[in-house]
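To keep things clear, I will list the structure first and then write my remarks on it.
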2 protein chains.
Amino acid sequence: MAFMIAQRAYIKLYLINKVEQRRGYGYQMLEELKEEFKPFGYVPPQSEIYRALHELVQEGVLYRTKQLKGNDPSVDFQEIVLYHFTDNGAEKAALYKKQVKTDLDRCIGMLHKAVADNFV
Amino acid sequence: MAFMIAQRAYIKLYLINKVEQRRGYGYQMLEELKEEFKPFGYVPPQSEIYRALHELVQEGVLYRTKQLKGNDPSVDFQEIVLYHFTDNGAEKAALYKKQVKTDLDRCIGMLHKAVADNFV
DNA sequence: TAATGAACACGCTGTTCATAC
DNA sequence: GTATGAACAGCGTGTTCATTA
């Protein structure tokens, strides 16, 4: 049993959630997460987002499609990579989330314990 | 800003607390911690305890004394290393604890956020 | 600048090994 | 088994670099 939850697992959880809400692409989700965690002073590194996404693909949870961004072709031909759930991806994601939830609770318990034990 | 609190910092916090209560030695504190964290399935590796102790010495928080364990010399000559606060060790420890507390709170916040954001 | 990806180096950590009693 | 310490290997992570539009 590892000490704390890994950053990778934490990020994967958020990415799965974002794909559940609407299919998205890496850079977009990165920027959203940066914004969400600003109050905590935590800046998720972009390499971690892409690595997490690639792992979720390798694990058969997500698959990729490519798309040109923007409606006006004369303005922007930038290609983006969209992520979607595979056939049984939703199941796999649900199982993964369940595991992460267990670990999250365990970690919260250990941190609360540290506060209770060492700070009166 | 790192993602989560480091195991090293977490253990140091507990070691400082144990030295505050009574001067102790490595193996003893290790066994106590193993017992304390059993419910969480977390087994602190002994190398981490010794590393943390050595760092606290290098940082000028603690100093070491050696002592033979046991009252009856015919039974046990095992040598143990006891740890005590240095002159300004208590101050340094208090400052360190304050910093760790801040980080603990931040981490608890991030874990709670993950539960709130990803589990309805 | 938006967007994706890989490379590279570093540091923490877990296991193992060494030593002594 | 108690007690301390170091070595060693591996993995996660952060920074940097590369590329395209």
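Below, chain A is the first sequence line, B the second, and so on; all start at residue 1.
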Open item on the list: What I want to check is whether the side chains of A:Arg51 and A:Ser47 have a donor and an acceptor closer together than 3.5 Å.
Closed with: yes

Open item on the list: Pairing donors with acceptors under 3.5 angstrom, does anything connect the side chains of B:Glu48 and B:Tyr10?
Closed with: no

Side-chain N or O of [X] less than 4.0 angstrom from OP1 or OP2 on [N]?
{"X": "A:Tyr50", "N": "C:dG5", "answer": "no"}
{"X": "A:Tyr25", "N": "C:dT4", "answer": "no"}
{"X": "B:Gln28", "N": "D:dT2", "answer": "no"}
{"X": "A:Gln7", "N": "D:dG14", "answer": "yes"}

Task: Output field: ring centroids A:Phe3/B:Tyr42 closer than 6.0 Å - done: yes

Rounded to the nearest Å, what distance is computed from the [atom1] atom of residue [X] to the [atom2] atom of nucleotide [N]?
{"X": "B:Glu55", "N": "C:dG11", "atom1": "CD", "atom2": "P", "result": "13 Å"}
{"X": "B:Arg64", "N": "D:dA3", "atom1": "CZ", "atom2": "P", "result": "15 Å"}
{"X": "B:Met4", "N": "C:dT13", "atom1": "CE", "atom2": "C1'", "result": "17 Å"}
{"X": "B:Ile80", "N": "D:dG5", "atom1": "CD1", "atom2": "P", "result": "12 Å"}
{"X": "B:Leu53", "N": "D:dG5", "atom1": "CG", "atom2": "P", "result": "8 Å"}
{"X": "A:Leu68", "N": "C:dA3", "atom1": "CG", "atom2": "C1'", "result": "13 Å"}
{"X": "B:Glu31", "N": "D:dT2", "atom1": "CD", "atom2": "C1'", "result": "9 Å"}
{"X": "B:Gln67", "N": "D:dA3", "atom1": "CD", "atom2": "C1'", "result": "14 Å"}

Task: Between CD on residue B:Glu31 and CD on residue B:Gln46, distance to nearest 0.5 Å - done: 9.5 Å

TODO: Kindly state each residue pair satisfying ring pair (Phe, Tyr, Trp, His ring centres under 6.0 Å) with at least one member in residues 95-120 of chain B, sequence neighbours excluded.
DONE: A:His112-B:His112

TODO: Give the other cluster members for B:Tyr50, using side-chain heavy-atom distances under 4.5 Å between Ile, Leu, Val, Met, Phe, Trp and Tyr residues; answer none if it is isolated.
DONE: B:Tyr25, B:Tyr27, B:Ile80, B:Leu82

TODO: Record whether the side chain of A:Arg51 comes under 3.5 Å of the base of C:dG5 through a donor-acceptor pair of N or O atoms.
DONE: no

Open item on the list: Any base atoms under 4.0 Å from B:Ala2, or only sugar-phosphate, or nothing? Heavy atoms, all strands.
Closed with: nothing

Return the nearest nucleotide to the side chain of [X]; candidates are [options].
{"X": "A:Tyr27", "options": "D:dG5, D:dT4, C:dA3", "result": "C:dA3"}
{"X": "A:Gln46", "options": "D:dG5, D:dA6, C:dT4", "result": "C:dT4"}
{"X": "A:Arg8", "options": "C:dT13, D:dT13, D:dG5", "result": "D:dT13"}

Open item on the list: Taking A:Glu91 first and then A:Lys97, would you say they form a salt bridge - that is, a charged N and a carboxylate O separated by under 4.0 Å?
Closed with: no

TODO: Apply side-chain contact (heavy atoms from CB on, under 4.5 Å) to the pair B:Lys101 and B:Arg106, showing each step before the final yes or no.
DONE: CA-CA 9 Å; B:Lys101 175 66 163 53; B:Arg106 194 194 113 257; over 6 Å; no

Open item on the list: Quick check: on DNA chain C, is the nucleotide nearest A:Tyr83 upstream (toward 5') of the one nearest A:Phe3, or the reverse? Name the residue that is more 5'.
Closed with: A:Tyr83

Open item on the list: So for the helix from C:dT1-D:dA21 to C:dC21-D:dG1, with five pairs setting each end axis, what is the inter-axis angle to 10°?
Closed with: 30°

